[in-house]
Peer 1: 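First the structure, then my questions, so here it is.
Numbering of ligands and ligand atoms starts at 1, following listing order. One is the number of the first residue; the rest follow in order along the sequence.
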Amino acid sequence: MGKVYVFDHPLIQHKLSIMRDKNTGTKEFRELLSEIAMLMIYEITRDLETAPVEVETPIGPATVPMLKPQPICLVPILRAGLGMVDAVIRLLPNARVGHIGMYRDHDTLRPVPYYCKLPADATESLVLMLEPMNATGGSTAAGVTELKKQGCKNIRVVNLIATPQGAQLVHEMHPDVDIYIASMDQGLNENAYIVPGLGDAGDRIFGTK
Ligand code: URA
């Protein structure tokens, strides 16, 4: 059964609080998102396997742990997920990157994937789906559904902020998937924005408002 992990580390919380401030500009917002993404990935990858290898230090031979070769795939949900990619790649330089784009159907109000391009080995990879804002859970759950449709089996969801209802929907639809978040916020307002949230993450990352 998948779990929801909330990272209450003071560094993450401090940086997130600055992001929430409406006076924080695009440059600082992006930098903070990257820093938090790195801190989160550090924990999310805690169970990656290592194997002993021989190296020669300046002092002498040593048997030391190195990561076992294992395919890792990052899948940002367009467009806010892009704001986490560079930071994660710095820690996981061999990771490949897929993309999922989604639009909201006018009639059903449901998210519909319009674009999905994954690396060839995504089905054998640990897939980290990057979606900063999990508001209703609809697009996060639809993203996971799309990944499963493409054959991915080992999926972890990385949200910056989720709501209880968003996390619950993802958990109900995908009980096998772990969800990692920096904050579980109160809920949604009448426009489906997260409260207190940080506004529109995409607009704040890309300066489009
Ligand atoms: N998407 C955002 O970027 N912000 C919200 O508050 C909800 C969805």
Peer 1: Quick one: look up the protein heavy atom nearest atom 6 (O) of ligand 1 and list residue, atom name and how far away it is.
Peer 2: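 For atom 6 (O) of ligand 1, the nearest protein heavy atom is I194 N, 2.7 Å.
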
Peer 1: What part of A192, side chain from CB on, backbone N/CA/C/O, both or neither, has a heavy atom under 4.0 Å from ligand 1?
Peer 2: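 The part of A192 near ligand 1 is the backbone, not the side chain.
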
Peer 1: To the nearest 0.5 angstrom, please state how far the CG atom of L78 sits from the CD1 atom of I100.
Peer 2: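 One gets 8.5 Å once the value is rounded to the nearest 0.5 Å.
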
Peer 1: Within the 4.0 Å heavy-atom shell around G199, which atoms of ligand 1 are there?
Peer 2: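 Ligand 1 atoms under the 4.0 Å threshold to G199: 2 (C), 3 (O), 4 (N), 5 (C), 6 (O).
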
Peer 1: Could you list the atoms of ligand 1 found under 4.0 angstrom from a heavy atom of M133?
Peer 2: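 Answer for ligand 1: 1 (N), 2 (C), 3 (O), 4 (N), 5 (C), 6 (O).
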
Peer 1: Answer with yes or no whether the side chains of T136 and Q165 bring together a donor and an acceptor at under 3.5 Å.
Peer 2: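 There is no such pair between these side chains.
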
Peer 1: Distance-only, no hydrogens or angles: does the N189 side chain make a donor-acceptor pair with backbone N or O of N191 under 3.5 Å?
Peer 2: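 Looks like yes, one N/O pair under 3.5 Å.
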
Peer 1: Would D121 and R96 pass as an ion pair if we require N to O under 4.0 Å?
Peer 2: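 Looking at D121 and R96, the cut-off is met.
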
Peer 1: Looking at I41, is its backbone amide N or carbonyl O close enough to the side chain of E43 to form a donor-acceptor pair, meaning the two atoms are under 3.5 Å apart?
Peer 2: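 Judged by distance alone, no pair lies under 3.5 Å.
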
Peer 1: Distance under 4.0 Å to a non-hydrogen atom of A135: what atoms of ligand 1 satisfy this?
Peer 2: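 By the 4.0 Å cutoff, the relevant atoms are 7 (C), 8 (C).
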
Peer 1: Taking heavy atoms and a distance under 4.0 Å, where does A201 meet ligand 1: side chain, backbone, both or neither?
Peer 2: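 The part of A201 near ligand 1 is both the backbone and the side chain.
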
